[in-house]
Amino acid sequence: MKFKVGNVEPKNNLILAPMAGVTTSSFRKICLEHGAGMVYAEMISDKGLEYNNEKTLKMIEIDESEHPIAMQVFGSSYQTITPSVGKILERSNVDIIDVNMGCPVNKVVKGGSGSALLKTPEKIYDIVSSLKDNYNIPITIKIRAGWDSNSINCDEVAKLATKAGVDAIAIHGRTRAQMYNGFANLDYIKMVKDATDKPVIGNGDIKDFESAKRMLDETGVDALMIGRAALGNPWIFDEILKGRENKIIEKPTKKEIIETLLLHAHTLMEQKGEHIAMIEMRTHAGWYLKQIPGTKIYRPLIVSVKTFDELNKICSDVLNNPYIK
């Protein structure tokens, strides 16, 4: 299926979702290697850019092997978001700018950012309009169905964003009140598809080929965004692509999972140093090991790993354990 965002044409319509603390460069590159057509970086604070926060500036660095890539920014108004995007474009060769209008976590919405913007659709219009007026780069937004079940307004938001010139809309089929509980409502996603002539990216509960096909069939979206199902499982992109071609879908072997886990750790160390990388790998390694039945006994060791050597030893033990297939 052909899918374009402005002048950007990914190799397919499967997209890695932006996830804070997860979609770092090392993981993005792994997902691209396993079939993702495009990746989103983790969201960036407009305030962090405004104050030239060192950690924030490091987060916008990308590798040439990561294209096409969207950089996501969050903020509460066009007055702060617009100049922050300028700083991104000065320092980073990104392909797309995305504005987060769907994050449900308290520390984001209490400042009027993320899902809080759904309560003031006029601000969404102003943000998109300002970015389109100031920058020659595709602009996308990521939204939710609404603030809660009594205020479903994703179709209204889509119409306003379209009028403002947005290049694509990603819609997560839950409300802010749901957080990550319950189920994504495909009807809300279809509402957005019906409300705009721009490409629509469906997000929520895509965990395998069957759920991906259901999303496409029932909503008619142009692309699929995959988030939590990719944690420790970048093979989900391969799986969906093979399913489309009626090829046999084979789960990764124990050896493949461990090799990918260690590759992830290596590249993360190159990016952040061993100490920070191992802290982050405690979580990632746990997700990878969930793909291997019988590894629960290793998880207490994973959560306290401090060095690559410790991680490598655990991985060797898993590989050499004859009771774990």
Side-chain angles (χ1 to χ4, degrees), residues 14-44 55 58-72 206-208 225-241 250-321 324:
L14 302 182
I15 303 170
L16 174 67
M19 291 177 281
V22 175
T23 50
T24 57
S25 179
S26 53
F27 188 57
R28 297 192 301 257
K29 286 190 277 189
I30 287 171
C31 288
L32 285 167
E33 289 168 5
H34 284 282
M38 186 167 79
V39 293
Y40 276 53
E42 53 187 325
M43 65 181 185
I44 304 292
K55 182 180 178 183
K58 189 75 176 171
M59 288 167 67
I60 66 175
E61 294 179 3
I62 62 169
D63 188 89
E64 281 305 305
S65 64
E66 296 186 66
H67 296 287
I69 180 170
M71 189 68 64
Q72 187 182 71
I206 300 171
K207 59 184 185 297
D208 51 26
M225 181 173 278
I226 300 166
R228 289 179 292 167
L231 301 178
N233 182 29
W235 299 274
I236 187 171
F237 299 101
D238 290 321
E239 176 184 336
I240 295 171
L241 292 175
E250 296 179 349
K251 294 295 183 182
T253 64
K254 177 173 71 170
K255 184 172 182 289
E256 288 171 333
I257 294 169
I258 293 300
E259 286 178 348
T260 303
L261 188 166
L262 292 174
L263 171 64
H264 192 160
H266 269 298
T267 55
L268 200 55
M269 281 195 299
E270 290 173 0
Q271 183 184 4
K272 299 189 175 186
E274 185 177 40
H275 177 68
I276 298 298
M278 289 306 105
I279 291 174
E280 293 188 11
M281 281 306 300
R282 294 171 186 172
T283 303
H284 282 286
W287 287 327
Y288 280 111
L289 290 186
K290 280 186 179 179
Q291 309 300 321
I292 306 174
T295 58
K296 191 174 181 179
I297 57 172
Y298 293 98
R299 288 175 200 162
L301 301 175
I302 287 291
V303 297
S304 61
V305 71
K306 294 182 178 65
T307 67
F308 179 80
D309 286 344
E310 290 177 17
L311 179 63
N312 192 40
K313 183 181 183 307
I314 294 169
C315 289
S316 295
D317 288 347
V318 172
L319 274 176
N320 295 320
N321 189 327
I324 296 177

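The residues of the chain are indexed from 1 along the displayed sequence. Values below: all heavy atoms of this structure, side chains included; hydrogens, waters and symmetry mates excluded.
- Here the CE-CD1 distance, from M71 to I60, works out to 6.5 Å after rounding to the nearest 0.5 Å.
- Between Y40 and T23 there is no side-chain heavy-atom pair separated by less than 4.5 Å.
- Counting only residues at least two apart or in different chains, salt bridge (Lys or Arg N to Asp or Glu O under 4.0 Å) contacts with residues 226-236 are absent.
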| field | Stepwise side chain to side chain contact (heavy atoms under 4.5 Å, CB included) test for I206 and I240 | value | CA-CA 10 Å; I206 300 171; I240 295 171; 4.2 Å; yes
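- Separating the NE2 atom in H34 from the CD atom in E239 is a distance of 13.0 Å, to the nearest 0.5 Å.
- Taking each heavy atom of Y288 and P234 in turn, the nearest pair found is CE2-CD, 4.1 Å.
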| message | side chain to side chain contact (heavy atoms under 4.5 Å, CB included), that's the test. Do R28 and I69 meet it? Break it down for me. | response | CA-CA 9 Å; R28 297 192 301 257; I69 180 170; 3.4 Å; yes
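- Side-chain contact between P18 and M43 is absent, with no heavy-atom pair separated by less than 4.5 Å.
- Rounding to the nearest 0.5 Å places CE of M38 at 4.0 Å from CD1 of I15.
- Residues L261 and H284 are not in side-chain contact: their nearest non-hydrogen atoms beyond the backbone lie 4.5 Å or more apart.
- Contact check for E66 versus S25: side-chain heavy atoms found under the 4.5 Å cut-off.
- The CG atom of D238 sits 10.0 Å away from the SG atom of C31 when rounded to the nearest 0.5 Å.
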Could you tabulate the donor-acceptor pairs under 3.5 Å formed by side-chain atoms of residues 306-314, not counting sequence neighbours?
residue : atom : partner : partner atom : Å
T307    : OG1  : E310    : N            : 3.1
E310    : OE1  : K306    : N            : 2.9
K313    : NZ   : D317    : OD2          : 3.2

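- In this structure, CD1 on I236 lies 6.5 Å from CG on D208, to the nearest 0.5 angstrom.
- F237 pairs by the ring pair (Phe, Tyr, Trp, His ring centres under 6.0 Å) definition with nothing, not counting sequence neighbours.
- When all heavy atoms of C315 and L262 are compared, the pair lying nearest together is SG-CD2, 3.8 Å.
- Proximity of a side-chain donor or acceptor of K254 to a complementary backbone N or O of L319 within less than 3.5 Å is detected.
- Qualifying side chain to side chain donor-acceptor pair (under 3.5 Å) partners for K272, counting only residues two or more places apart in sequence or in other chains: E280.
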| Should K251 and W235 be marked as a side chain to side chain contact (heavy atoms under 4.5 Å, CB included) after you check the CA-CA gap, both sets of side-chain angles, and the distance that decides it? | CA-CA 8 Å; K251 294 295 183 182; W235 299 274; over 6 Å; no
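- The distance from atom CD of Q271 to atom CG of D63, rounded to the nearest 0.5 Å, is 9.5 Å.
- The shortest heavy-atom contact between L268 and S26 is CD1-OG, 3.3 Å.
- When all heavy atoms of A36 and V39 are compared, the closest pair comes out as CB-CG1, 4.5 Å.
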Just list the side-chain donor-acceptor pairs under 3.5 Å for residues 289-301, sequence neighbours left out, or say none.
residue : atom : partner : partner atom : Å
T295    : OG1  : L289    : O            : 2.7
T295    : OG1  : I292    : O            : 2.9
Y298    : OH   : N321    : ND2          : 3.1

| said: Could you walk me through whether K55 and K58 satisfy the side chain to side chain contact (heavy atoms under 4.5 Å, CB included) test, starting with their C-alpha distance in whole Å, then the side-chain angles of each, then the deciding distance to 0.1 Å, before giving a yes or no? | reply: CA-CA 5 Å; K55 182 180 178 183; K58 189 75 176 171; 5.6 Å; no
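- For E256, the side-chain contact (heavy atoms from CB on, under 4.5 Å) partners are P252, T253, not counting sequence neighbours.
- Across all their heavy atoms, I302 and G286 have their closest contact at CG2-N, 4.0 Å.
- The shortest non-hydrogen separation linking Q72 to A41 is CB-O, 4.1 Å.
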